[in-house]
Colleague: 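One structure follows; several queries about it will come next.
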Amino acid sequence: MASVSLREIYKKYPGGVIAVSDFNIEIKDKEFIILVGPSGCGKSTTLRMIAGLEEISEGELYIGDRLVNDIAPKDRDIAMVFQNYALYPHMTVFENMAFGLKLRKVPKDEIARKVEEAARILDISHLLDRKPKALSGGQRQRVALGRAIVREPQVFLLDEPLSNLDAKLRAQMRTEISKLHKKLGTTFIYVTHDQTEAMTMGDRIVVMKDGYIQQVDSPTNLYQSPVNQFVAGFIGSPQMNFIDAKLLKIDGKYTVEFGTEDTKTSQAVKYYVEVPESKSDVEILEPLVDQEIVLGIRPECIHDEEMFLSSAKTGVIEATVEVTEMMGAETYLYLTCLDIPLTARVSPRSTARPQDTIKIAIDPNRIHIFDKETEKALVN
């Protein structure tokens with residue numbers, strides 16, 4: 001088992017294209033770390049540099065105590081699971097799983113023992129004589145995982161391994177991979193663009209954008225205390241609502257004001273959300289008084305129930321329902337308030353219907369405030 005250390009890693013391509021910039025992270029032994037971000041953010045390139053499939057332009061990569069920049073992939077003691085499974089179609093499941101061990105001249109009886117043990121862990125013992133074309137997507141993914149397990153590597157690298165599976169199977173395989181990590185006690189580095197996978201599986205998450213690390217933290221901290229607007233919008237589904245607003249000081253209390261001219265009545269309509277004392281850091285907020293800011297509020301912190309509306313002192317606004325989505329355990333309301341699009345995640349008992357004008361309450365204890373220019377989080 002091993003830790004992985006990336007120190008000031010860069011990946012530069014000919015023509016001045018920089019795919020990864022100043023990537024620094026210490027991954028602990030046995031940690032499950034997830035690289036997440038939109039397409040083209042550099043997460044798969046980073047994984048391929050760890051695997052040795054891409055050359056590192058600058059920086060140092062350590063696996064355990066060993067500098068591996070110039071060490072061939074086969075000698076790094078890692079195993080990689082690809083998005084497309086990469087199985088040999090002419091070989092049986094057993095032969096696919098055993099192939100890497102055969103190349104290493106491992107004795108036959110030891111190969112059989114390792115393959116059968118991995119097949120038992122992954123519940124594919126009954127498939128060992130089949131060819132890949134006779135398997136479902138989920139079964140092929142298990143075979144690809146099995147081929148990695150038999151090598152007993154120090155580090156597992158997984159590059160979007162579930163993206164080819166249907167939604168139900170993806171949810172099931174997420175659980176399976178989490179269990180597998182606990183069972184094997186090995187370092188896992190996992191790449192995905194799916195933030196649900198990231199939130200449910202990782203010990204820590206690395207959020208990337210344009211080749212740069214935006215934030216590295218636990219799923220809970222990323223969700224509750226994003227460092228900037230990008231992380232706040234990327235983590236969480238449906239994503240956080242962002243409202244262009246202004247910070248005022250009214251009767252000695254910091255208050256967020258937003259609103260505009262109502263296009264229907266041509267009258268200026270303003271709404272106010274008082275910043276609670278627990279979030280009122282004078283050093284941060286005082287210089288922003290009378291300045292433009294961005295107010296962030298997650299969909300589950302917008303309420304349409306009477307108990308919230310009746311107790312709210314500020315933050316009650318009127319909005320028009322555009323679309324409702326019944327999700328079973330909850331309902332998503334897609335709203336507009338003075339041409340500002342908002343999403344609310346409410347109780348399935350909600351009676352709101354499209355074209356209704358309803359009152360909703362923003363929970364002031366759950367607001368976020370971002371700098372309009374830098375997009376840095378000021379209040380979480």
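The analysis underlying the following values was restricted to heavy atoms, covering all of them including side chains, and did not include hydrogens, waters or symmetry mates.
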Colleague: Does the ring centre of Y88 sit less than 6.0 Å away from the ring centre of F99?
Modeller: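 Between F99 and Y88, the centre distance is under 6.0 Å.
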
Colleague: Is a donor on one side and an acceptor on the other found under 3.5 Å between the side chain of S347 and the backbone of R349?
Modeller: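 Yes, the answer is positive, given that a donor and an acceptor are paired below the 3.5 Å cut-off.
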
Colleague: More than 12 non-hydrogen atoms from neighbouring residues, nucleotides or ligands closer than 6.0 Å to OH on Y212, yes or no?
Modeller: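 No.
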
Colleague: Should E58 and K11 count as an ion pair when the cut-off is N to O under 4.0 Å?
Modeller: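 So E58 does not pair with K11 through a salt bridge.
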
Colleague: Apply side chain to side chain contact (heavy atoms under 4.5 Å, CB included) to the pair H181 and M201, showing each step before the final yes or no.
Modeller: CA-CA 10 Å; H181 171 249; M201 295 169 77; over 6 Å; no

Colleague: Give me the one residue out of T351, T320, L335, V321 that meets side chain to side chain contact (heavy atoms under 4.5 Å, CB included) with D356.
Modeller: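 Per the side chain to side chain contact (heavy atoms under 4.5 Å, CB included) rule, the option paired with D356 is V321, out of T351, T320, L335, V321.
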
Colleague: Side chain of S218, backbone of N221: donor and acceptor closer than 3.5 Å?
Modeller: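 Here the side-chain-to-backbone pair exists.
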
Colleague: Heavy atoms only: give me the nearest M80-A51 pair and the separation to one decimal.
Modeller: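 Closest approach of M80 to A51: SD-CB, 3.7 Å.
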
Colleague: Could you report the tightest heavy-atom contact between S280 and P276, atom names first, then the distance?
Modeller: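 Reported closest heavy-atom pair: OG-O, 2.9 Å.
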
Colleague: Going by the rule ring-ring contact (aromatic ring centres under 6.0 Å, His included), which residues pair with F242 if we only count those two or more places apart in sequence or in a different chain?
Modeller: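 F242 satisfies ring-ring contact (aromatic ring centres under 6.0 Å, His included) with F370 only.
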
Colleague: Taking all non-hydrogen atoms of both residues into account, name the closest pair between E152 and D77 and its distance.
Modeller: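 Scanning both residues completely, I find the closest heavy atoms to be O-OD1, 4.2 Å.
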
Colleague: Which one of I302, T324, L333 satisfies the side chain to side chain contact (heavy atoms under 4.5 Å, CB included) criterion with V346?
Modeller: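 Of all the options given, the one that passes is L333.
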
Colleague: Does the T331 side chain pair with the main chain of M327, one donor and one acceptor, at a distance under 3.5 Å?
Modeller: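 Flag not set: sc T331 to bb M327 has no pair under 3.5 Å.
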
Colleague: Under 4.0 Å between a Lys/Arg side-chain N and an Asp/Glu carboxylate O for R113 and E117?
Modeller: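 Salt bridge: no.
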
Colleague: Has the side chain of S311 got a donor or acceptor atom that lies under 3.5 Å from a matching backbone atom of F308?
Modeller: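 Flag set: sc S311 to bb F308 pair under 3.5 Å.
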
Colleague: Which residues satisfy the ring-ring contact (aromatic ring centres under 6.0 Å, His included) test with H193, sequence neighbours excluded?
Modeller: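 H193 satisfies ring-ring contact (aromatic ring centres under 6.0 Å, His included) with no other residue.
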
Colleague: With a 3.5 Å distance limit and no angle check, can you tell me whether N69 reaches the backbone of G59 through a side-chain donor-acceptor pair?
Modeller: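 Yes, because the side chain of N69 sits within donor-acceptor range (under 3.5 Å) of the backbone of G59.
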
Colleague: Can you name the closest pair of heavy atoms from V273 and G315 and give their distance?
Modeller: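 Taking every non-hydrogen atom into account, CG2-CA, 3.8 Å.
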
Colleague: Can you confirm whether the side chains of N228 and Q214 place a donor and an acceptor under 3.5 Å from each other?
Modeller: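 N228 vs Q214: donor-acceptor pair found between side chains.
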
Colleague: Could you pull out the closest heavy-atom pair between I111 and A98, with the gap in Å?
Modeller: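 In this case the closest contact between I111 and A98 is CG2-CB, 3.4 Å.
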
Colleague: Is it true that a side-chain atom of E31 and a backbone atom of K28 form a donor plus acceptor pair closer than 3.5 Å?
Modeller: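 Yes, E31 side chain to K28 backbone: donor-acceptor pair under 3.5 Å.
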
Colleague: Any ion pair linking E277 and K253 (charged N to carboxylate O, less than 4.0 Å)?
Modeller: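 Here K253 does not pair with E277 in a salt bridge, since their nearest N and O are not under 4.0 Å apart.
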
Colleague: Looking only at heavy atoms, what is the nearest atom pair of R170 and S163, with distance?
Modeller: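 Looking at all heavy atoms of both residues, the closest pair is NH1-O, 4.3 Å.
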
Colleague: Could you go step by step and tell me if F258 and K246 meet the side chain to side chain contact (heavy atoms under 4.5 Å, CB included) rule?
Modeller: CA-CA 6 Å; F258 66 92; K246 197 173 187 181; over 6 Å; no

Colleague: Got a sec: does the CG of D129 have more than 12 other heavy atoms crowding it under 6.0 Å?
Modeller: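 No - once you tally the heavy atoms of other residues, nucleotides and ligands closer than 6.0 Å, there are 12 at most.
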
Colleague: Between the side chains of E274 and K313, is the shortest nitrogen-to-carboxylate-oxygen separation below 4.0 Å, so that they form an ion pair?
Modeller: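 Looking at E274 together with K313, the answer is no, because their closest N to O distance does not fall below 4.0 Å.
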
Colleague: Within a reach of under 6.0 Å around CG of D65, are more than 12 heavy atoms found that belong to other residues, nucleotides or ligands?
Modeller: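 Result for CG/D65: open.
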
Colleague: Might you confirm whether atom CD of E55 has over 12 heavy atoms from other residues, nucleotides or ligands at distances under 6.0 Å?
Modeller: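 Incorrect, the count does not exceed 12.
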
Colleague: Decide side chain to side chain contact (heavy atoms under 4.5 Å, CB included) for E160 and F82; before the verdict, give the C-alpha distance in whole Å, the side-chain angles of both, and the deciding distance to 0.1 Å.
Modeller: CA-CA 7 Å; E160 304 210 17; F82 296 91; over 6 Å; no

Colleague: Given 3.5 Å as the limit, does a donor-acceptor pair link the side chain of R48 with the main chain of E54, or not?
Modeller: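 Not at all, since once roles are kept as given, no pair shorter than 3.5 Å links the two residues.
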
Colleague: Can you tell me if NZ on K133 sees more than 12 non-hydrogen neighbours from other groups inside 6.0 Å?
Modeller: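 At most 12 heavy atoms, drawn from other residues, nucleotides or ligands, come within 6.0 Å of this atom.
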
Colleague: Can you sort out the partners of T92 under side chain to side chain contact (heavy atoms under 4.5 Å, CB included), two or more places apart, ordered by chain and number?
Modeller: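 Partners of T92 by the side chain to side chain contact (heavy atoms under 4.5 Å, CB included) criterion, ordered by chain and then number, come out as F94, E95, K131.
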
Colleague: Around atom CZ of R366, are there more than 12 heavy atoms of other residues, nucleotides or ligands at under 6.0 Å?
Modeller: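 No, because the 6.0 Å sphere around CZ of R366 holds 12 heavy atoms or fewer from other groups.
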
Colleague: Using distance alone, with no hydrogens and no angle criterion, decide if Y334 and E322 have a side-chain donor and acceptor under 3.5 Å apart.
Modeller: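 Y334 vs E322: no donor-acceptor pair found between side chains.
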
Colleague: Please say whether the positively charged group of R151, taken as NZ for Lys or CZ for Arg, lies over the ring of F156, i.e. under 6.0 angstrom from the six-membered ring centre and within 45 degrees of the axis.
Modeller: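 No; the conditions do not both hold, so R151 does not lie above the ring face of F156.
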
Colleague: Could you tell me if E26 and S5 have a donor-acceptor pair between their side chains, going purely by distance under 3.5 Å?
Modeller: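 E26 and S5 do have a side-chain donor-acceptor pair below 3.5 Å.
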
Colleague: Between K372 and D244, is there a salt bridge with N-O shorter than 4.0 Å?
Modeller: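 Looking at D244 and K372, the cut-off is met.
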
Colleague: Is the side chain of R7 donor-acceptor paired with the backbone N or O of F23 at a distance under 3.5 Å, no angle test?
Modeller: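 Here the side-chain-to-backbone pair does not exist.
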
Colleague: Backbone N or O of I18 within a donor-acceptor pair of the K12 side chain at under 3.5 Å?
Modeller: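 No; judged by distance alone, with no hydrogens or angles, the pair does not exist.
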
Colleague: Are E330 and R345 within salt-bridge range, i.e. N to O under 4.0 Å?
Modeller: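 Salt bridge present between E330 and R345.
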
Colleague: Any luck finding a side-chain donor-acceptor pair between Y254 and E286 under 3.5 Å?
Modeller: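 Looking only at side-chain atoms, E286 and Y254 do form a donor-acceptor pair, the distance falling under 3.5 Å.
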
Colleague: Working note: R174 + L162, criterion side chain to side chain contact (heavy atoms under 4.5 Å, CB included); need CA distance, chi angles, decisive distance, verdict.
Modeller: CA-CA 8 Å; R174 280 205 306 263; L162 308 183; 3.8 Å; yes

Colleague: Looking at T46, N24, I56, which hits side chain to side chain contact (heavy atoms under 4.5 Å, CB included) with L6?
Modeller: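 The single option meeting the side chain to side chain contact (heavy atoms under 4.5 Å, CB included) with L6 is T46.
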
Colleague: Strictly distance-based, threshold 3.5 Å: is any side-chain N or O of Q139 a donor or acceptor partner for the main-chain N or O of S136?
Modeller: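 Here the side-chain-to-backbone pair exists.
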
Colleague: Do S44 and D159 have side-chain N/O donor and acceptor atoms under 3.5 Å apart?
Modeller: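 Note: S44 and D159 side chains meet the donor-acceptor criterion.
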
Colleague: Between Y190 and E197, does the side-chain hydrogen bond (donor to acceptor under 3.5 Å, both in side chains) criterion hold? Intermediate values first, please.
Modeller: CA-CA 10 Å; Y190 187 108; E197 274 178 37; 2.7 Å; yes

